[in-house]
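Just so it is clear: chains get the letters A, B, ... in the order the sequence lines come, proteins before strands, and each one is counted from 1.
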Protein chains: 2
Amino acid sequence: MTSQVWASSQEESAQSAAQPRWLDAEEQKAWRAWLNSSMLLADRLDRELTREAGIPHGYYEILVQLSETPGRMMRMSELADRCLSSRSRLSHAVSRLEERGWIRRQVCESDGRGQLAVLTDDGFEALEAAAPIHVEGVRTHLFDQLSPEQVAAMRDIGETLLRHLDATPAPQH
Amino acid sequence: MTSQVWASSQEESAQSAAQPRWLDAEEQKAWRAWLNSSMLLADRLDRELTREAGIPHGYYEILVQLSETPGRMMRMSELADRCLSSRSRLSHAVSRLEERGWIRRQVCESDGRGQLAVLTDDGFEALEAAAPIHVEGVRTHLFDQLSPEQVAAMRDIGETLLRHLDATPAPQH
DNA sequence: GCGGAATAGTCAAGCCCTCAACTACGCTGG
DNA sequence: CCAGCGTAGTTGAGGGCTTGACTATTCCGC
């Protein structure tokens with residue numbers, strides 16, 4: 001509580017760059033609770049999945065998206081969007097999954113620039129093996145901890161934030 | 001919605017490894033809204049801070065923790081815990097902040113094994129410059145979007161999850 | 001149909017993080 | 001008082017991610 005940089009002029013309520021709209025103590029607690037819990041939960045789930053199934057959560061996400069698609073294939077760009085991933089990152093990740101034999105690339109017939117990522121049978125089996133581990137983690141660390149009201153609020157908050165973030169242009173990806 | 005791996009035996013409610021407790025459609029939506037919103041928000045704040053202040057959010061976190069401490073210094077381990085960071089990661093990060101002249105290391109007198117990370121005046125100035133940018137991002141992308149009730153619920157959910165995660169032993173860090 | 005702009009995807013360099021040693025110091029029991 | 005163990009922190013190797021440049025293809029206007 002000593003020498004906080006925002007302890008200067010707390011009584012302001014001006015706009016943006018002029019006078020920062022500092023967070024009060026309650027807001028800080030809310031923000032930290034949200035940030036820390038989301039970081040720790042994501043980290044925990046990723047570690048458990050990596051340890052017990054040998055699949056990092058990011059890779060798991062890719063497999064899930066492909067498995068839910070007709071033909072179990074998808075354009076690289078769309079896959080990147082759905083996985084909240086940059087194209088470069090997805091390209092690297094798919095290369096590594098290709099080495100594991102879980103995905104193969106296929107040129108897109110309707111667009112010569114495009115590539116399709118296709119989930120292989122081996123990839124589907126790997127996903128089937130990993131899914132119970134992941135879902136158990138989400139149950140244990142999330143749904144088992146929250147009341148139905150909290151779950152509803154969590155969804156509501158998440159969707160509210162997503163609407164804003166989707167509508168606001170990020171510098172780039 | 002095609003060929004989902006968890007479409008097999010939905011009617012079970014047995015325990016853990018035996019029969020997975022799959023998520024129903026509502027739970028999936030809640031989970032994805034929470035996961036995606038927290039990932040996107042963290043990413044957005046990190047990018048804005050990096051772009052406009054030249055400080056990644058992880059480094060900012062370190063500076064904040066030190067600035068709030070009497071003497072603006074802290075043991076490496078405690079700093080790592082507060083930043084939700086591994087010791088190795090913090091050690092690397094402090095080395096890089098040392099190169100920027102924002103932190104210096106100092107041996108701990110009461111424990112010859114220990115090191116203190118000390119925030120320099122330059123580091124404090126860098127934090128002062130970055131803080132308004134960060135707080136404006138948190139306002140814009142979080143608090144401006146949510147009602148007071150949503151903020152209260154967010155904090156409640158976050159604290160509930162943190163209690164569980166802190167109480168549950170993670171394999172290791 | 002042709003030239004320029006936009007789009008799809010990949011690649012390389014550099015940074016950051018993780019994992020697993022490793023050093024150094026402190027603590028405790030015999 | 002020292003052997004062994006636990007703790008604090010660092011380091012290096014290896015791999016993932018980001019940025020920005022690059023190639024290939026398609027779209028669009030004239």
Would you tell me whether E99(A) and S95(A) have side-chain atoms, one donor and one acceptor, within less than 3.5 Å of each other?
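There is no such pair (donor and acceptor under 3.5 Å, judged by atom type) between the side chains of E99(A) and S95(A).
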Is a side-chain donor or acceptor of [X] paired with a backbone partner of [Y] at a separation under 3.5 angstrom?
X	Y	answer
S37(B)	A33(B)	yes
R139(B)	W22(A)	yes
Q150(A)	S147(A)	yes

Atom [atom1] of [X] to atom [atom2] of [N]: distance rounded to whole Å?
X	N	atom1	atom2	value
M76(A)	dT25(D)	CE	P	17 Å
L90(A)	dT18(D)	CG	C1'	14 Å
L84(B)	dT18(C)	CG	P	12 Å
D81(A)	dT7(C)	CG	P	13 Å
Q115(B)	dT23(C)	CD	P	17 Å
R96(A)	dC11(C)	CZ	P	13 Å
R100(A)	dG15(D)	CZ	C1'	12 Å
E78(A)	dT7(C)	CD	P	16 Å

With respect to the phosphate group of [N], does any side-chain polar atom (N or O) of [X] fall under 4.0 Å of OP1 or OP2?
X	N	result
R47(A)	dC19(C)	yes
R87(A)	dT10(C)	no
R89(A)	dG9(C)	no
R105(A)	dT10(C)	yes
S86(A)	dT18(D)	yes

Counting distance alone, no hydrogens or angles: does the base of [N] have a donor or acceptor under 3.5 Å from a partner atom on the side chain of [X]?
X	N	result
R113(A)	dT7(C)	yes
H92(B)	dG12(D)	yes
S88(A)	dT19(D)	yes

Would you call E61(B) and R82(B) a salt bridge, using N to O less than 4.0 angstrom?
no
In one Ile/Leu/Val/Met/Phe/Trp/Tyr side-chain cluster, 4.5 Å: L146(A), L23(B):
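Yes, because L146(A) and L23(B) connect within a single hydrophobic cluster, where side-chain heavy atoms sit under 4.5 Å apart.
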Return the orientation label for the W31(A) and H134(B) ring planes: parallel under 30°, perpendicular over 60°, tilted otherwise.
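Rings of W31(A) and H134(B): tilted, as their planes differ by 30° to 60°.
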Of the options dA8(D), dT18(C), dT10(C), whose atoms approach the side-chain atoms of R75(B) most closely?
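The answer is dA8(D).
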Taking for each residue the nucleotide of DNA chain D with the nearest heavy atom, is it G114(B) or A93(A) whose nucleotide lies nearer the 5' end?
G114(B)
Which angle, to the nearest 10 degrees, lies between the helix axes at the two ends of the helix from dG1(C)-dC30(D) to dG30(C)-dC1(D), each defined by five pairs?
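So the angle between the two local helix axes works out to 20°.
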Want to settle it: does D111(A) or S95(A) sit nearer the 5' end of DNA chain C, counting the closest nucleotide to each?
D111(A)
Is it possible for you to check whether R72(B) lies under 6.0 Å from the centre of the six-membered ring of F124(B), through NZ or CZ, and within 45° of that ring's axis?
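Cation-pi check for R72(B) and F124(B): passes.
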